[in-house]
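What follows is one structure encoded as structure tokens, with my remarks underneath.
Nothing here was measured: the structure is a model prediction, and the numbers come from that model. Residue numbers begin at 1 in each chain, while the letters A, B, ... track the order of the sequences.
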Number of protein chains: 2
Amino acid sequence: MGDPGERLKDSRSHRGLAGDSPAGLDAIDLRLLELVQEEGRITLSELGRRVRLSPAAVAERIRRLEGNGTITGYAALVSPAHLGYGVLAFVRVAPRGGLTLRHPRPQKVLARPEILEAHHVVGEDCWILKVAVRDTGHLEELLEQVMTLGRTTTSIVMSSPVDRRVIVPIGRERPE
Amino acid sequence: MGDPGERLKDSRSHRGLAGDSPAGLDAIDLRLLELVQEEGRITLSELGRRVRLSPAAVAERIRRLEGNGTITGYAALVSPAHLGYGVLAFVRVAPRGGLTLRHPRPQKVLARPEILEAHHVVGEDCWILKVAVRDTGHLEELLEQVMTLGRTTTSIVMSSPVDRRVIVPIGRERPE
DNA sequence: TATGAAAGAGCTGGGCA
DNA sequence: TGCCCAGCTCTTTCATA
């Protein structure tokens with residue numbers, strides 16, 4: 001499964017079906033994708049047992065999925081709450097002036113470790129940030145800095161019924 | 001690193017520092033957390049080399065982090081674009097009537113595979129959904145269903161400068 | 001908590017169907 | 001594409017500090 005010591009190549013950051021189409025995935029690839037999304041550290045042997053293929057054959061398929069950018073990496077998932085982040089929130093930022101992402105001020109704000117995700121969006125806002133902070137006081141301090149970029153609107157997360165859904169290739173969603 | 005075949009125990013879905021505090025993490029735990037977040041399939045031996053500890057000692061520390069809920073699991077990261085999802089968007093839903101999450105209608109909507117994350121928030125909206133869809137036509141179809149829950153506001157993601165930040169225990173953010 | 005040794009499981013590369 | 005085999009690496013456990 002590649003050298004775990006390097007980032008995978010070809011992990012474009014988003015949109016636009018760059019490169020390969022979802023076609024070319026057979027039912028076994030599908031199942032493998034599902035399994036590795038759920039159990040990132042599952043062994044090739046175990047995968048082989050589940051899909052009835054030899055470890056070597058599975059390794060080859062996984063290597064292909066990594067190589068063409070379908071699998072972009074592997075990660076341990078950690079609980080923000082256990083690391084001192086008691087509050088999760090979404091902050092929407094509506095532009096003030098024509099500040100683009102390349103300018104130094106946004107760069108500096110986006111570098112803050114509390115910002116888990118930052119998305120540049122069209123629509124009525126400009127950016128959507130997902131942030132984790134210690135408490136509301138901490139949130140206030142963070143917002144002061146974010147507000148230098150534009151008008152902010154904050155929504156504090158109470159619960160997350162869907163935290164992270166396994167992605168299934170389009171057209172292959174499970175028949176319930 | 002535990003049986004990869006089971007979900008980790010004690011992975012509360014969020015907020016509120018349930019259980020253990022971030023204290024009790026020494027510099028080595030910190031480094032391990034960073035490494036496994038970046039390279040989810042790194043071996044215990046390799047971790048041992050990087051932090052200068054025996055594989056057995058690393059295994060023990062990782063087991064502790066998993067056991068107390070700091071590490072909640074492992075996952076392969078996949079590219080939605082490579083699986084046919086050309087459009088990523090955030091949909092905010094403002095309540096219409098007092099529909100709670102436990103009711104069957106929201107349950108059915110949240111079950112749609114296009115919904116990658118669903119957060120229940122306070123603030124001016126009620127829910128924030130992160131969705132992946134094939135194209136704008138597909139988005140329209142999805143929104144028709146989501147609109148049964150309330151007024152929706154959609155923001156289409158153009159780029160994600162911060163896709164997923166490694167979480168660092170609070171108070172231990174890296175001195176730049 | 002950490003280490004080292006030993007046994008078992010898993011991985012990788014090459015040859016072949 | 002996939003299988004098997006051989007050699008090597010990784011994991012796990014246990015005794016010991």
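Not counting sequence neighbours, the partners of B/Glu141 by the side chain to side chain donor-acceptor pair (under 3.5 Å) test are B/Arg112.
Rounding to whole angstrom units, CD1 of residue A/Ile28 and P of D/dG2 are separated by 7 Å. The distance between atom CD of A/Glu46 and atom C1' of C/dC11, rounded to the nearest whole Å, is 15 Å. To the nearest angstrom, P of C/dT12 lies 11 Å from CD of A/Glu60. Per the geometry, CD1 belonging to A/Ile42 stands 11 Å off P belonging to C/dG10, to the nearest Å. Distance B/Ile62 CD1 to D/dC10 P: 16 Å, rounded to the nearest Å. One interatomic measurement links the two molecules: CG of A/Leu32 to P of D/dG2, which rounds to 10 Å at whole-angstrom precision. Here the C1' atom of nucleotide D/dC10 and the CZ atom of A/Arg41 are 11 Å apart, to the nearest Å.
B/Glu34 places no side-chain N or O within 3.5 Å of a backbone atom of B/Val168 that could act as its donor or acceptor partner. Between the side chain of B/Arg41 and the backbone N or O of B/Val36, no donor-acceptor pair lies under 3.5 Å. In this structure, the side chain of A/Ser79 engages the main chain of A/His82 through a donor-acceptor pair within 3.5 Å.
Within 4.0 Å (heavy atoms only), B/Arg64 reaches no atom of the nucleic acid at all.
Between the OG1 atom in A/Thr72 and the CZ atom in B/Arg164 there is a gap of 9.0 Å [rounded to 0.5 Å].
A side-chain donor from one of B/Tyr74 and B/Glu66 sits under 3.5 Å from a side-chain acceptor of the other. In this model, a donor atom of one side chain and an acceptor atom of the other lie less than 3.5 Å apart for B/Glu117 and B/His119.
Taking the screw axis at each terminus of the helix from C/dT1-D/dA17 to C/dA17-D/dT1 from five consecutive base pairs, the angle between the two is 30° to within rounding of 10 degrees.
One finds a side-chain N or O of A/Ser45 lying less than 4.0 angstrom from the OP1 or OP2 phosphate oxygen of C/dC11. Between B/Arg49 and D/dC10 there is a side-chain N or O to OP1 or OP2 distance below 4.0 Å.
Annotation: side chain of A/Glu114 is not in contact with side chain of B/Arg165 (no heavy-atom distance under 4.5 Å).
Classification of A/Arg50 and A/Glu46 as a salt-bridged pair holds, one side-chain N sitting under 4.0 Å from a carboxylate O.
Ranking D/dT11, D/dT1, C/dG10 by closeness to the A/Arg61 side chain, first place goes to D/dT1. Of all nucleotides listed (C/dG10, D/dG2, D/dT12), D/dG2 comes nearest to the side chain of A/Ala57. Taking the side chain of B/Leu44 as heavy atoms from C-beta on, and the options C/dT12, C/dG10, D/dT11, the nearest nucleotide is D/dT11. Considering only the side chain of B/Leu53, C/dA2 comes nearest among D/dT13, D/dG2, C/dA2. The side chain of B/Ser54 lies closest to C/dT3, out of C/dT3, D/dC10, D/dG2.
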Grab the N/O contacts between the protein and nucleotides 14-17 of chain C below 3.5 Å, and write none if there aren't any.
none

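Hydrophobic cluster membership differs between B/Leu83 and B/Leu77, with clusters built from Ile, Leu, Val, Met, Phe, Trp and Tyr side chains linked at under 4.5 angstrom.
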